[in-house]
Amino acid sequence: MRSTNNKILNKQIRELKIKKMDKIKNLADLRDLKEKLQSKTKLRDKSESPEQMVQVKVAMATCCIASGSRETMNYIADELNKRNIDAVVTQTGCMGYCYAEPTVEVTLPGKEPVVFGYVNPAKADEIIEKYIKGGALVEGIIPVNYQKIDQ
Amino acid sequence: MKDLSYHILDIVQNSLQAGASTVCIEMTEDTEERMLILNISDNGHGMNANELKLVTDPFFTSSEKKKVGLGIPLLKQNAELTGGNFSIISRRGKGTEVSACFRTGSVDMIPQGNIASTMRLLIGSNPDVDFRYSHCKDNNVVELDTAEIRKELGNISLGCKEVLDFISDFLNTGLKDISVDNNYAINEQ
């Protein structure tokens with residue numbers, strides 16, 4: 001099997017025709033993009049003060065990926081940007097709530113982290129609108145770090 | 001896993017977990033031989049011989065939070081269902097290389113899925129890792145190297161939305177181009 005694989009690979013390396021024209025055009029596009037971005041007056045450095053910003057962690061392990069966390073994460077990152085909300089969106093490992101994937105952990109500045117389960121793009125929209133913007137809790141919270149009243 | 005793009009996302013998570021700074025993803029398609037080879041290699045901390053032996057066991061995992069590790073077993077299963085094969089090479093301190101070969105003519109062959117979305121997510125959440133993606137279909141190649149893009153952009157982060165849009169556009173058009181070529185060839189026959 002390995003020798004067949006190698007045979008195919010060798011054949012393709014021999015016949016390799018990189019579309020050079022395309023590549024040059026793309027590099028030119030990239031330079032245009034750079035100029036456009038640099039002319040924006042303020043380039044924010046998000047890593048400087050993460051405590052001041054909304055932190056969103058999307059679980060991204062096998063169970064999460066199979067349930068569609070990729071779509072959820074791309075949606076959240078896009079929408080937060082579109083709605084001008086300063087936020088850091090990162091990925092994390094399996095939180096152990098595989099039954100409720102995709103799971104998302106949201107930390108508002110100065111507040112305890114809250115984990116939401118079954119977050120599809122529609123649910124993510126609700127979380128952004130109600131919890132991140134308004135601070136009101138929405139359904140679907142997984143009690144991860146609750147504290148007892150007598151503690 | 002529904003398609004190959006999810007498998008790629010999943011396997012690359014292992015590389016990132018292993019502290020890799022460079023991840024190479026190669027897809028090689030051969031229409032004539034009806035074969036697709038997916039190859040993912042990294043320079044992470046690798047595995048020792050004992051771990052390597054256990055890695056295709058679904059009940060082996062390096063995580064303490066859960067008791068199963070399904071990423072690699074699922075890829076192996078999907079490759080073998082099509083009549084293909086799976087291999088993994090790893091050396092402690094050097095890195096790991098995962099390789100899966102699919103027979104594309106099989107009814108069990110899974111679709112490729114949205115590769116651009118996977119790459120967008122990976123690059124967006126790990127802007128400092130070098131990702132190299134190359135998709136080779138017969139005589140055509142689409143190549144993406146984030147180290148090259150980073151050099152070109154200077155101090156602008158790859159995680160920025162405009163850059164990610166550029167990358168997904170580039171991949172979408174590139175991958176569409178090479179598959180269109182092929183459809184045309186089939187129609188002519």
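Here is the naming used below: chain letters follow the sequence lines, and residue numbers restart at 1 for every chain.
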Atom group of [X] that falls short of 4.5 Å from chain A, counting heavy atoms:
X: B:Val142; answer: neither
X: B:Asn126; answer: side chain
X: B:Ile149; answer: both
X: B:Glu152; answer: both
X: B:Thr173; answer: neither
X: B:Ser5; answer: both
X: B:Leu16; answer: side chain
X: B:Tyr6; answer: both

Under 4.5 Å between side-chain heavy atoms, counting indirect links through other Ile/Leu/Val/Met/Phe/Trp/Tyr residues: same cluster for [X] and [Y] or not?
X: A:Tyr75; Y: A:Val119; answer: no
X: B:Leu54; Y: B:Ile89; answer: no
X: B:Leu4; Y: B:Leu81; answer: no
X: A:Leu108; Y: A:Ile128; answer: yes
X: B:Ile88; Y: B:Phe60; answer: no

Interatomic spacing from [atom1] in [X] to [atom2] in [Y] - rounded to 0.5 Å:
X: A:Cys98; Y: B:Leu70; atom1: SG; atom2: CG; result: 9.0 Å
X: B:Lys2; Y: A:Ile65; atom1: NZ; atom2: CD1; result: 12.5 Å
X: A:Lys34; Y: B:Leu153; atom1: NZ; atom2: CG; result: 7.0 Å
X: A:Thr62; Y: B:Ile72; atom1: OG1; atom2: CD1; result: 9.0 Å
X: A:Lys57; Y: B:Ser125; atom1: NZ; atom2: OG; result: 13.5 Å
X: B:Leu122; Y: A:Met60; atom1: CG; atom2: CE; result: 8.5 Å

Tell me whether [X] at atom [atom1] has more than 12 heavy atoms from other residues, nucleotides or ligands lying less than 6.0 Å away.
X: B:Arg91; atom1: CZ; value: no
X: B:Gln17; atom1: CD; value: no
X: B:Arg150; atom1: CZ; value: yes
X: A:Lys133; atom1: NZ; value: yes

Of the listed residues (B:Ser117, B:Cys160, B:Gly124), which shares the most heavy-atom pairs with chain A below a 4.5 Å separation?
B:Ser117

Could you pull out all residues at least two apart from B:Thr96 that satisfy side-chain hydrogen bond (donor to acceptor under 3.5 Å, both in side chains)?
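With sequence neighbours excluded, B:Thr96 shows a side-chain hydrogen bond (donor to acceptor under 3.5 Å, both in side chains) to B:Ser90, given in chain and number order.
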
Salt-bridge present (B:Arg120, A:Asp78; N to O < 4.0 Å):
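Judged by the 4.0 Å cut-off on N to carboxylate O distance, B:Arg120 and A:Asp78 do form a salt bridge.
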
Residue among B:Thr118, B:Asn114, B:Asp10 satisfying side chain to side chain donor-acceptor pair (under 3.5 Å) with A:Arg70:
B:Thr118

